[in-house]
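Values reported hereafter were calculated over all heavy atoms of this structure, with side chains retained and with hydrogens, waters and symmetry mates removed. Whatever order the structure lists them in is the order used to number ligands and atoms, beginning at 1. In this text, all values refer to a predicted model and were calculated from it rather than measured experimentally.
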Amino acid sequence: MLYKRSSQLFAEAEKVIPGGVNSPVRAFKAVGGTPIFVKSAKGAYLYDEDGNRLIDYINSWGPMILGHAYEPVVQAVIEKAKLGTSFGMPTELETQIAALAVSMVPNIDKIRFVNSGTEACMSAVRLARGFTKRDKIIKFAGCYHGHSDSFLIQAGSGAITFGSPNSPGVTAGTAKDTLLAKYNDLENVATLIEANKNEIAAIIVEPVAGNMGCIPPNKGFLEGLRQLCTDNGILLIFDEVMTGFRLARGGVQELFNITADIVCFGKVIGGGLPVGAFAAREEIMNYLAPLGPVYQAGTLSGNPLAMAAGLAMLQALDSDRAIFQRLEEKTAYLAAGIDKVLKANNVTFTINSVGSMISVHFDAAPVVDFQTAANGDNETFKKFFHGLLQEGIYIAPSAYETWFITDALTYEDLDFTIRAIDKVSKTF
Ligand code: KE4
């Protein structure tokens with residue numbers, strides 16, 4: 001696989017875009033090398049600027065659950081664009097997608113659309129703070145909720161500590177209101193709540209983590225968070241930007257039968273166009289302007305093109321309930337194949353997967369939180385990433401990411417991938 005044209009395009013991009021990319025993870029900093037420039041994509045395949053075809057296991061970090069250039073979404077956008085692209089005024093289309101989303105997801109009465117997962121999570125936290133009249137939030141080390149200041153907080157030392165910013169530009173004043181907990185550690189959360197009695201507005205969590213690889217919640221973890229929140233007047237925010245409309249029709253709330261107070265969405269809900277959303281029961285959502293005092297707004301929120309793409313995507317997922325089973329079966333098949341060949345090649349690894357999210361970690365110990373995810377052998381991961389790239393397979397350019405399986409993948413694609421992993425892992 002040659003990447004000459006991508007390298008040229010990257011050099012040009014670096015002159016006018018910081019780091020040559022519009023989102024850091026695309027720059028291959030975690031794996032080295034230069035990023036691949038995509039020309040087009042269709043179904044399970046990317047076609048890059050050097051004419052290579054790559055089997056895509058990232059799918060734009062989740063949205064392309066039905067494959068790239070999914071016809072009903074493409075047609076919906078084309079037709080809508082002919083009628084105008086943005087009005088800054090309400091349209092019936094927004095009501096249609098809102099009503100469909102509310103019918104698909106448990107425990108929500110109303111939904112507000114925004115333009116990214118960051119905006120959804122940021123707005124959800126502001127809403128929780130306004131509703132509870134409390135300032136602090138708990139997030140988990142290794143969970144990512146977008147780049148809003150309150151979330152860019154790295155664990156300080158010890159379990160009960162105020163976070164310290166891990167990005168310049170985030171003030172100490174902001175950091176002090178974000179408390180860091182360990183994923184899958186309920187005792188740690190209970191201790192934080194005890195030490196900040198009646199001051200915590202919300203706990204925000206990825207109910208299945210996908211930003212430190214894929215990490216499932218331990219049995220009882222989410223139920224424990226639910227109980228702690230109920231007992232302490234804290235709102236439980238499920239960040240389902242990755243898991244929403246992917247792990248089940250109703251997301252993780254349906255999959256694990258757990259009730260969150262606010263749910264955040266992104267990725268799949270926009271069908272590949274910029275859409276985020278947050279939703280809750282009426283009592284909470286009516287706290288939002290223009291009804292209530294909590295302000296939140298956006299010029300392009302609910303714009304017709306994004307709503308048309310999102311509606312077509314949700315309609316497809318709502319009408320073919322078997323899709324989630326198919327995705328789960330394809331992911332299990334892939335996991336079993338990877339397990340077999342890595343074991344045969346005496347590689348030290350663990351595989352985590354839930355539904356159509358999967359990650360491979362090069363460490364023997366179970367990966368259950370950020371600390372254990374950080375133990376993975378990154379040199380092996382780099383060989384894994386670049387070796388697969390040479391075989392025409394694109395996985396996440398970081399060990400701290402999950403793969404996203406698309407229904408456009410065939411079992412031939414999966415077998416091809418397993419054979420490639422067998423070949424590449426013989427070189428470890
Ligand atoms: P966006 O603002 O990137 O649309 O969504 C932020 C976000 C919120 N919550 C979760 C659970 C997320 O995974 C994300 C974004 N995911 C990353 C991938 N790990 C997006 C890729 C990128 O940053 O370019």
Closest heavy-atom pair and its distance - Ile65, Phe245
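Taking Ile65 first and Phe245 second, the nearest heavy atoms are CD1-O, 3.7 Å.
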Nearest neighbour in protein (non-hydrogen) for atom 3 (O) of ligand 1
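For atom 3 (O) of ligand 1, the nearest protein heavy atom is Thr118 OG1, 4.5 Å.
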Looking at Gly117, which atoms of ligand 1 are within less than 4.0 Å of one of its heavy atoms?
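The list of qualifying atoms is 1 (P), 2 (O), 4 (O), 5 (O), 6 (C).
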Please classify the Glu401 to ligand 1 contact at 4.0 Å (heavy-atom distances, strictly less than): side chain, backbone, both or neither.
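Looking at Glu401 and ligand 1, just side chain atoms fall under 4.0 Å.
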Tell me, do His68 and Leu46 make a side-chain contact under 4.5 Å, heavy atoms counted?
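SC-SC contact between His68 and Leu46 confirmed.
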Note: Lys330-Asp407 ion pair, threshold 4.0 Å (strictly below):
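Counted as a salt bridge, because a side-chain N and a carboxylate O are separated by less than 4.0 Å.
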Just distances here: any N/O of Glu206 and N/O of ligand 1 closer than 3.5 Å?
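So ligand 1 has no N or O lying under 3.5 Å from an N or O of Glu206.
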Can you tell which of Tyr400, Tyr144, Phe238 gets a heavy atom nearest to atom 11 (C) of ligand 1?
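Selected option, by shortest heavy-atom distance: Tyr144.
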Among protein heavy atoms, which sits nearest to atom 9 (N) of ligand 1, and what does the distance come to when rounded to 0.1 Å?
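That would be Asp239 OD2, 2.7 Å.
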Any donor-acceptor N or O pair under 3.5 Å, side chains Thr372, Asn375
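Absent: no donor and acceptor within the cut-off.
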Please state whether the rings of Phe370 and Tyr400 are parallel, tilted or perpendicular, taking 30° and 60° as the class boundaries.
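Tilted, since the angle between the ring planes falls between 30° and 60°.
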What is the nearest protein non-hydrogen atom to atom 22 (C) of ligand 1, stated with its residue, atom name and distance?
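Protein heavy atom at minimum distance: Ser23 OG, 3.3 Å.
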Under 4.0 Å from any heavy atom of Gly146, which atoms of ligand 1 are there?
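What qualifies from ligand 1 is 6 (C), 7 (C), 8 (C).
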Strictly less than 4.0 Å: does any protein heavy-atom distance to atom 5 (O) of ligand 1 fall in that range?
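Within 4.0 Å of atom 5 (O) of ligand 1, protein heavy atoms are found.
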Nitrogen or oxygen of Met242 less than 3.5 angstrom from that of ligand 1
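No: no nitrogen or oxygen of Met242 is under 3.5 Å from one in ligand 1.
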Could you label the plane-to-plane angle of the His145 and Phe151 rings as parallel, tilted or perpendicular, counting under 30° as parallel and over 60° as perpendicular?
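It falls in the perpendicular class, over 60°.
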Numbering the atoms of ligand 1 from 1, which are under 4.0 Å from a heavy atom of Lys267?
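Answer, ordered by atom number: 13 (O), 15 (C), 16 (N), 17 (C), 20 (C).
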Please list, in number order, the atoms of ligand 1 under 4.0 Å from a heavy atom of His145.
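Numbered from 1, ligand 1 contributes 8 (C), 9 (N).
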Can we say Arg326 and Asp320 salt-bridge, meaning some charged N sits less than 4.0 Å from an Asp/Glu carboxylate O?
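Salt bridge present between Arg326 and Asp320.
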Closer than 4.0 Å to some heavy atom of Ser116 - which atoms of ligand 1 meet that?
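Near Ser116, meaning under 4.0 Å from one of its heavy atoms, ligand 1 has 2 (O), 4 (O).
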So which heavy atom in the protein is nearest atom 13 (O) of ligand 1, and how far is it from that ligand atom?
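Looking at atom 13 (O) of ligand 1, the protein heavy atom closest to it is Asn211 ND2, 3.0 Å.
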Cut-off 3.5 Å, side chains only: do Gln75 and Glu71 have a donor facing an acceptor?
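Side chains of Gln75 and Glu71: pair found under 3.5 Å.
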Going by atom types only, do Glu94 and Thr91 share a side-chain donor-acceptor pair under 3.5 Å?
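Indeed, the side chains of Glu94 and Thr91 share at least one donor-acceptor pair under 3.5 Å.
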Answer side chain, backbone, both or neither: which part of Val25 comes under 4.0 Å from ligand 1, heavy atoms only.
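The answer is the side chain of Val25.
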Does a donor on one side chain and an acceptor on the other come within less than 3.5 Å for Tyr45 and Asp413?
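Indeed, the side chains of Tyr45 and Asp413 share at least one donor-acceptor pair under 3.5 Å.
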